[in-house]
Amino acid sequence: MTNEYAYDPIKLDVPREFSFTENLNYLSRASNECLYEIHNQKVYKAIPLGNRTPIIEISANQDQSLRMAYIGNEVPLDSSEHKAVQHYIRDWFDLDTDLSPFYELAHRDPLLHDAVHAYSGLRIMGIPDLFEALSWGIIGQQINLTYAYTLKRRLVEQFGKQLICEDRSYWIYPTAEDIAALSIQDLQQLRMTERKCEYLIQTAQLIANKQLTKEMLLGAGGCKQAEEMLTQIRGIGPWTANYVLMRCLRMPSAFPIDDVGLHNAVRHVLASDRKPTKSELRAMSVNWSGWEAYATFYLWRYLY
């Protein structure tokens, strides 16, 4: 059974602490991104739903709510698929997190008060798929962000899925099953290190075999327990684990304290001639308890 309204634009309500413009600015920072397109203040993205891949257009209504429309001429979605698309968008933009407690503490914090004023409404833009989040963390290890995006594009264009709609290409990230079936030599053609190839394939195999799922991590008992589960996996250290907990599992207390970008952002805010030590950063962040992920994300915003 299909919905007769499946291709009508849909209004998605947003929380008060939300700005489409700020989140669009974040999405626009990567010129080599391959999983969505931005044109005329609208975001276009293909949403993987098992056997269906609708393509959506997201923009802002005058009241700052989100307007979501389907594009293309596919058979309309059924009600469960339609709800899954809306859930994906809400997860991607983190629309169901109440940021008022974070804003309250941030306005009193010397490192954060200017950031939450300047970038009010910014959300942690998510990576809803666990394999995509983990592999993006692995790909980005010990290289600059520009080259990480280059490697990601090579991976997606070689092993992902391409759709053509209205003369534009849309890409779907390869699944864990896609990568689990590859050899190291298959991935090395992308000019990734042998070790990263090993990590990607082994992580893909864990997910493909249902030995690692979002449900397992969410049910681990908390952020630290989920971090411990992830760091047991070869190639995933504390930084990658916390990055995934931030952007995929939506754990607000995830804290990639060793992140170089975070250190540079703190140095910028303090107008210091050196980056903070780890112990100094721990002391500075004592009042962020429970919101370390958002504090980090807002400080990162100074870097672009």
Side-chain angles (χ1 to χ4, degrees), residues 1-24 26-28 33-99 121 123-133 136 156 160-178 207-208 210 213-215 217-219 247-250:
M1 182 176 180
T2 59
N3 289 324
E4 62 180 6
Y5 56 81
Y7 282 93
D8 292 338
I10 300 297
K11 176 182 176 180
L12 295 178
D13 291 329
V14 300
R16 184 169 61 89
E17 300 88 359
F18 176 81
S19 164
F20 181 69
T21 299
E22 282 300 330
N23 291 286
L24 194 69
Y26 173 81
L27 292 175
S28 301
E33 175 59 62
C34 56
L35 295 178
Y36 56 82
E37 300 279 344
I38 298 175
H39 302 283
N40 300 321
Q41 302 298 298
K42 298 176 181 180
V43 183
Y44 297 85
K45 182 172 176 61
I47 307 293
L49 296 179
N51 295 326
R52 303 291 300 278
T53 311
I55 299 170
I56 59 168
E57 173 194 275
I58 303 173
S59 56
N61 292 309
Q62 287 189 345
D63 65 357
Q64 298 305 304
S65 62
L66 290 183
R67 178 186 183 276
M68 186 273 287
Y70 296 97
I71 64 173
N73 297 308
E74 284 196 14
V75 175
L77 305 178
D78 64 30
S79 59
S80 63
E81 292 169 329
H82 190 55
K83 288 178 181 176
V85 171
Q86 294 182 63
H87 176 76
Y88 187 100
I89 295 169
R90 297 195 70 83
D91 189 6
W92 190 24
F93 283 85
D94 199 24
L95 296 180
D96 295 322
T97 295
D98 178 11
L99 282 190
R123 295 264 155 172
I124 294 180
M125 293 300 300
I127 306 176
D129 180 72
L130 179 60
F131 176 63
E132 181 186 338
W136 179 226
V156 170
K161 177 182 175 184
Q162 183 184 29
L163 296 89
I164 305 295
C165 180
E166 298 179 356
D167 298 323
R168 286 181 181 161
S169 291
Y170 297 90
W171 288 94
I172 297 294
Y173 204 83
T175 65
E177 291 77 10
D178 294 328
I207 294 174
K210 304 295 189 290
T213 66
K214 288 177 75 170
E215 291 73 22
L217 292 166
L218 289 169
R247 299 198 61 194
C248 183
L249 279 299
R250 297 302 191 183

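Both backbone and side-chain heavy atoms feed into the values below; hydrogens, waters and symmetry mates do not.
Note: F131 CZ to W136 CH2 = 13.5 Å, rounded to the nearest 0.5 Å. To the nearest 0.5 angstrom, I56 atom CD1 is 10.5 Å from Y170 atom OH. Distance CG/D63 to CG/D13: 8.0 Å, rounded to 0.5 Å. If you take CG on L49 and NE2 on H87, they are separated by 11.0 Å, rounding to the nearest 0.5 Å. One finds the CZ atom of R67 at 10.0 Å from the CD1 atom of I10 (value rounded to the nearest 0.5 Å). Note that CG of L130 and CD of E215 are 9.0 Å apart. Values are rounded to the nearest 0.5 Å.
Listed by chain and residue number, I172 satisfy the side chain to side chain contact (heavy atoms under 4.5 Å, CB included) test with P48 (two or more places apart in sequence, or in another chain).
Listed for the Y36 side chain is a donor-acceptor partner under 3.5 Å among the backbone atoms of L27. Side-chain N or O atoms of R90 include none that pairs as donor or acceptor with a backbone N or O of L12 at under 3.5 Å. Judged by distance alone, with hydrogens and angles left aside, the side-chain atoms of D178 form a donor-acceptor pair with the main-chain N or O of T175 at under 3.5 Å. A donor-acceptor pair is defined here as one N or O able to donate and one able to accept, closer than 3.5 Å; such a pair exists between the side chain of E81 and the backbone of D78.
Nearest heavy-atom pair, Q86 versus M68, reported as atom, atom and distance to 0.1 Å: CG-CE, 4.1 Å. Pairing each heavy atom of C248 with each of P128, the nearest pair is SG-O, 3.6 Å. Shortest non-hydrogen contact noted between V14 and S65 is CG2-CA, 4.0 Å. Between A176 and A208, the shortest heavy-atom distance links the atoms CB-N, 4.0 Å.
Taking 4.5 Å as the limit, every side-chain heavy atom of W171 sits out of range of all side-chain heavy atoms of K161. Counting only heavy atoms from C-beta outward, the side chains of S169 and L163 never approach each other to under 4.5 Å. No side-chain heavy atom of P15 sits less than 4.5 Å from a side-chain heavy atom of L99.
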Problem - Candidate pair L218 and R250, rule side chain to side chain contact (heavy atoms under 4.5 Å, CB included), full reasoning - result: CA-CA 9 Å; L218 289 169; R250 297 302 191 183; over 6 Å; no
Donor-acceptor pairs under 3.5 angstrom involving side-chain atoms of residues 16-24: please list them, not counting sequence neighbours.
from: S19; atom 1: OG; to: T21; atom 2: N; distance (Å): 3.4
from: S19; atom 1: OG; to: E22; atom 2: N; distance (Å): 3.1
from: N23; atom 1: OD1; to: R123; atom 2: N; distance (Å): 2.9
from: N23; atom 1: ND2; to: S19; atom 2: O; distance (Å): 2.7
from: N23; atom 1: ND2; to: G121; atom 2: O; distance (Å): 3.2

Pair up each side-chain donor or acceptor in residues 38-45 with any protein partner under 3.5 Å, not counting sequence neighbours, and list the distances.
from: Y44; atom 1: OH; to: E57; atom 2: OE1; distance (Å): 2.9
from: K45; atom 1: NZ; to: L35; atom 2: O; distance (Å): 3.3

